[in-house]
Amino acid sequence: MAQVSLTFPDGNSRNFDKGITAAEVAASISTSLGKKAISATVNGAHWDLQWPIEADAAIAIHTMQDDAQALELIRHDLAHIMARAVQELWPDVKVTIGPVIKDGWYYDFDREEPFTPEDLGEIEAKMKEIINRRDPVTTEVWERDRAIAYYEANNEPYKVELVNAIPDDGQPIRMYWHGHWQDLCRGPHLQNTGQVPGNGFKLMSVAGAYWRGNSDNAMLQRIYGVGFKDPKALKAHLTMLEEAAKRDHRKLGREMDLFHMQEEAPGQIFWHPNGWKIYTTLQDYMRRQQDRDGYVEVNTPQVVNRKLWEASGHWDNYQENMFIVEVDEEHAREKTVNALKPMNCPCHVQVFNQGLKSYRDLPLRMAEFGSCNRYEPSGALHGIMRVRGFTQDDAHIFCEEKHIEAETKKFIEFLAGIYADLGFHDWSIKLSTRPEKRIGSEESWDHSEESLGNACKAAGYDYEIQEGEGAFYGPKLEFVLTDAIGREWQCGTLQVDPNLPERLDASYIGQDGAKHRPIMLHRAVVGSFERFIGILIEEHAGKLPFWLAPRQVVVTTIVSEADDYAQEVVAALKAAGVRAEADIRNEKINYKVREHSLAKVPVILAVGAREVEEKTVSVRRLGEKQTSVMSLSEITTELKDAALAPDLK
RNA sequence: GCUGCUGUAGCUCAGAGGUAGAGCACUCCCUUGGUAAGGGAGAGGUCGAGAGUUCAAUUCUCUCCAGCAGCACCA
């Protein structure tokens with residue numbers, strides 16, 4: 001019999017009969033490993049114990065101790081078990097797909113009536129029952145025709161479509177059985193439903209999802225579940241979700257009195273004094289950074305005639321998402337159709353186009369805190385993170401092709417400094433390359449992609465390539481922040497655009513005396529201020545760094561005899577540039593401390609008879625229980641420094 | 001935009017076919033209290049908007065608006 005040579009993680013190799021299964025390999029090593037094995041990795045692929053090994057390979061056997069593999073298998077089996085439970089409860093429901101995702105899985109179903117929360121409870125109970133049956137999980141490879149005939153006979157049209165979609169490139173069409181229940185699946189799976197921890201999962205929610213992710217297709221019902229190895233891990237996950245909910249910017253925005261939104265202006269923000277203080281503090285900081293980095297700041301119109309949007313190409317592509325403002329003939333000589341600007345670039349080109357530009361003017365870095373309005377689909381709106389009215393820290397660098405690399409490097413360094421100042425150290429770069437539908441020559445794509453990659457390397461950063469994800473006119477960099485609870489946010493971006501200067505006829509006079517087209521680099525660091533402030537709030541759970549905190553200090557009185565002194569302390573702090581206010585209300589100190597702590601005021605100063613006498617303050621910092629006594633001059637000096645933005649220290 | 005859910009006082013929420021309730025917040029009074037809620041009294045709501053069914057609708061039905069979760073979208 002033919003042999004295969006398998007190499008184990010320790011470097012040793014052994015020969016086995018060709019076609020041996022991973023389970024047999026595990027059992028050949030030791031009886032206990034044979035029992036504990038759950039799957040293998042064969043040549044880098046996660047391998048079902050039942051699958052035969054037909055060629056020489058590197059192999060590693062996994063047990064439940066291997067988290068990555070164990071969780072993948074558990075969640076994958078749970079997806080199947082859930083689908084089976086649903087079909088046992090409601091045999092008419094059609095099954096579609098059910099992949100593993102972060103922390104769990106989902107499965108999409110086609111069913112007339114919506115699933116209710118009560119249904120979820122029933123499904124969960126049925127799943128536990130199935131797990132307790134300890135049914136064997138088995139697998140077979142089928143011919144395509146047989147699979148299609150089977151699914152047609154069973155009235156599972158989605159599965160027929162899936163089988164048909166499997167490319168004819170030799171990959172097996174694999175069937176899995178969990179007991180009598182069957183599903184098309186590429187695997188791998190556990191060997192027995194009883195191996196799935198019956199108390200480590202929970203069904204979380206139902207929501208609509210389009211078949212195959214396409215909004216032209218039918219809407220299915222998706223049930224989400226989370227699954228772990230044991231109830232403790234499940235509990236920890238649920239607790240984490242509760243913690244995340246506590247730092248929701250919409251909740252904190254209300255509690256800290258930062259902003260509100262209301263029906264009459266969906267997707268737009270009413271900033272309250274506290275929130276606006278954060279906004280302007282951040283914007284002032286950004287403006288100083290831009291000034292230092294060689295940008296000029298401009299400001300451009302909000303309401304612009306459609307002619308410009310037609311010329312830029314936005315009218316054709318994004319009309320549906322623009323706020324259209326029509327001025328009728330009663331108000332003007334002739335009817336005009338305008339749109340609120342959804343982006344700033346066409347206006348910036350208009351500024352660039354005023355007067356003749358020389359190659360000596362390039363690179364020209366034109367910045368605007370550009371207020372934009374986009375008619376986002378209603379379902380996309382989310383607190384202040386995704387809105388219809390927002391302001392970008394937008395800028396366009398007009399340059400020559402040869403400038404791209406150096407300008408990009410300069411920008412990455414600029415952005416890195418700002419993220420560091422704002423307390424974000426965990427971020428990464430993604431480089432999106434040429435998509436299938438594109439304009440421009442291959443040479444110019446080569447050059448821009450290479451320039452962006454080189455710039456990242458030159459600035460000392462790695463990047464991940466997103467193949468084909470670039471815009472139709474040029475490649476882009478995306479800068480992705482990871483926040484305190486592991487969520488990713490794309491904030492910064494840099495896009496190479498030779499298209500818009502072409503469409504809007506921007507030019508400069510080159511050294512050769514002839515007209516040339518500049519390239520535009522669209523770039524932003526925070527992206528939208530609204531969204532970025534939302535991220536800041538959630539990152540810090542409302543406890544913003546002192547310099548950004550809208551209310552930095554509250555001076556609370558313990559007895560009313562201290563009222564005058566409290567005002568004196570406030571005056572001293574204000575003179576030092578600290579945002580301070582007095583709380584001389586007739587309330588107990590406990591009450592005031594609680595209230596201001598909940599409002600996330602970073603420093604509470606309490607003053608009573610002793611402090612008045614000694615010209616001191618009792619200092620209580622947010623998050624700390626103990627207090628300390630400092631002289632008025634000491635605390636003023638300290639807070640004066642703390643109140644400065646990082647770039648002013 | 002799509003699927004589902006939700007909309008009652010400033011906030012968090014209870015309630016029911018016969019035009020509403022709690023806690024906190026708010027106002028006033030008492031209290032001057034040393035670091036996360038002192039006590040008492042009071043005021044406050046066209047029950048998201050419109051239409052329909054009904055003797056009667058905030059409650060049932062429909063339409064619309066907004067929000068939430070997810071999907072799709074994000075120049």
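Lettering follows sequence order; numbering is per chain, from 1. Side-chain atoms are counted along with the backbone in the values below, which use heavy atoms only and exclude waters and symmetry mates.
Between the side chain of Glu611(A) and the base of G34(B), at least one donor-acceptor pair of N or O atoms lies under 3.5 Å. For a distance-only test at 3.5 Å, the side chain of Tyr210(A) fails to qualify as a donor-acceptor partner of the base of G70(B).
Of all nucleotides present, only U12(B) satisfies the Watson-Crick or G-U wobble test against A22(B), with each distance under 3.5 Å. When Watson-Crick and G-U wobble pairs are counted only if both distances are under 3.5 Å, U27(B) pairs with A41(B). Nucleotide C5(B) is matched to G67(B) when pairs are restricted to Watson-Crick or G-U wobble geometry with both distances under 3.5 angstrom. Base pairing annotation: C60(B) forms a Watson-Crick or G-U wobble pair with G52(B), both donor-acceptor distances under 3.5 Å. When both pairing distances are held under 3.5 Å, C73(B) makes no Watson-Crick or G-U pair with any nucleotide shown.
For Tyr591(A), the side-chain atoms get nearest to C26(B) when compared with the rest of C26(B), C73(B), G70(B). Comparing A66(B), A36(B), A75(B) against the side chain of Pro266(A) picks out A66(B) as the nearest. Listed candidates were A75(B), A72(B), G67(B). Nearest to the side chain of Tyr473(A) is A75(B). Checked against U32(B), G34(B), A75(B), the side chain of Ala609(A) finds its nearest nucleotide in G34(B). Picking from A25(B), C65(B), A75(B) the nucleotide with the shortest atom distance to the side chain of Met343(A) gives A75(B). Comparing U32(B), A75(B), C71(B) against the side chain of Ala209(A) picks out C71(B) as the nearest. Here the side chain of Leu598(A) is nearest to one of A37(B), A36(B), G1(B), namely A36(B).
Contact annotation for Pro342(A): base contact, defined as any heavy-atom pair under 4.0 Å involving a base atom. Among the protein residues, Gly527(A) comes within range of no part of the nucleic acid, since none of its heavy atoms lies under 4.0 Å from any strand. Among the protein residues, Gly313(A) comes within range of no part of the nucleic acid, since none of its heavy atoms lies under 4.0 Å from any strand. Across all strands, Arg254(A) comes closer than 4.0 Å only to sugar-phosphate atoms, never to a base (heavy-atom distances). Within 4.0 Å (heavy atoms only), Asn214(A) reaches no atom of the nucleic acid at all. At the heavy-atom level, Gln262(A) lies nowhere under 4.0 Å from the strands shown. Residue Tyr224(A) is classed as a sugar-phosphate contact, given heavy-atom separations below 4.0 Å to backbone atoms only. Across all strands, Val206(A) comes closer than 4.0 Å to no nucleic acid atom at all (heavy-atom distances). Contacts of Arg250(A) with the nucleic acid, taken as non-hydrogen atoms under 4.0 Å apart, involve only primed sugar atoms and P, OP1 or OP2.
Side-chain nitrogen and oxygen atoms of Lys592(A) include none within less than 4.0 Å of the OP1 or OP2 phosphate oxygen of A36(B). Note on Tyr375(A): every side-chain N or O is 4.0 Å or more away from OP1 and OP2 of C74(B). Within the structure, every side-chain polar atom (N or O) of Arg374(A) is placed at least 4.0 Å from both OP1 and OP2 of C73(B). Residue His382(A) places at least one side-chain N or O closer than 4.0 Å to OP1 or OP2 of A69(B). When the side-chain nitrogen and oxygen atoms of Arg620(A) are compared with OP1 and OP2 of A36(B), one or more of them lie within a distance under 4.0 Å. Put simply, Arg531(A) has no side-chain N or O that comes within less than 4.0 Å of OP1 or OP2 on C74(B). Side-chain N/O atoms of Asn590(A) include one lying less than 4.0 angstrom from OP1 or OP2 on A36(B). Taking side-chain N and O atoms only, Ser205(A) has no distance below 4.0 Å to OP1 or OP2 of A69(B). Taking 4.0 angstrom as the limit, Arg222(A) places none of its side-chain polar atoms (N or O) nearer than this to OP1 or OP2 of C2(B). In this model, the phosphate group of G70(B) is not approached by any side-chain N or O of Tyr107(A) to a distance below 4.0 Å at OP1 or OP2.
Going from the C1' atom of C26(B) to that of G45(B) covers 15 Å, rounded to whole Å. Annotation: U6(B) and G52(B) have their C1' atoms spaced 23 Å apart (nearest Å). As rounded to the nearest Å, A36(B) and A49(B) have C1' atoms that lie 42 Å from one another. Remark: the separation of the C1' atoms in C60(B) and G17(B) is 8 Å, to the nearest Å. A9(B) and G23(B): their P atoms are spaced 16 Å apart (whole Å). Straight-line distance between the C1' atoms of C65(B) and C74(B): roughly 24 Å, to the nearest whole Å. A gap of 14 Å separates the P atoms of G42(B) and C24(B), to the nearest Å. For the P atom pair drawn from G15(B) and G48(B), the interatomic distance equals 15 Å after rounding to whole Å.
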Residue pair Thr300(A), Gln350(A): steps toward the side-chain contact (heavy atoms from CB on, under 4.5 Å) verdict: CA-CA 9 Å; Thr300(A) 59; Gln350(A) 306 313 303; over 6 Å; no
Derivation of the side-chain contact (heavy atoms from CB on, under 4.5 Å) call for Ser448(A) and Lys476(A): CA-CA 9 Å; Ser448(A) 343; Lys476(A) 65 176 172 185; over 6 Å; no
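Side chain of Arg247(A) to main chain of Glu538(A): a donor-acceptor pair is present (N/O by atom type, distance under 3.5 Å, no hydrogens or angles). Looking at Thr391(A), its side chain never comes within 3.5 Å of a backbone N or O of Cys372(A) through a donor-acceptor pair. The backbone N or O of Arg503(A) sits nowhere less than 3.5 Å from a side-chain atom of Ser312(A) that would complete a donor-acceptor pair.
Tyr106(A) carries Arg222(A) over the face of its six-membered ring, with the cationic atom under 6.0 Å from the centre and within 45° of the normal.
Side chains of Thr557(A) and Lys592(A): a donor-acceptor N/O pair is present below 3.5 angstrom, by distance only. When only modelled atom types and interatomic distance are considered, Asn344(A) and Gln392(A) share a side-chain donor-acceptor pair under 3.5 Å.
Rounding to the nearest 0.5 Å places CD of Glu449(A) at 4.0 Å from CZ of Arg434(A).
What separates NE2 of His596(A) from P of G34(B) is a distance of 18 Å, to the nearest Å.
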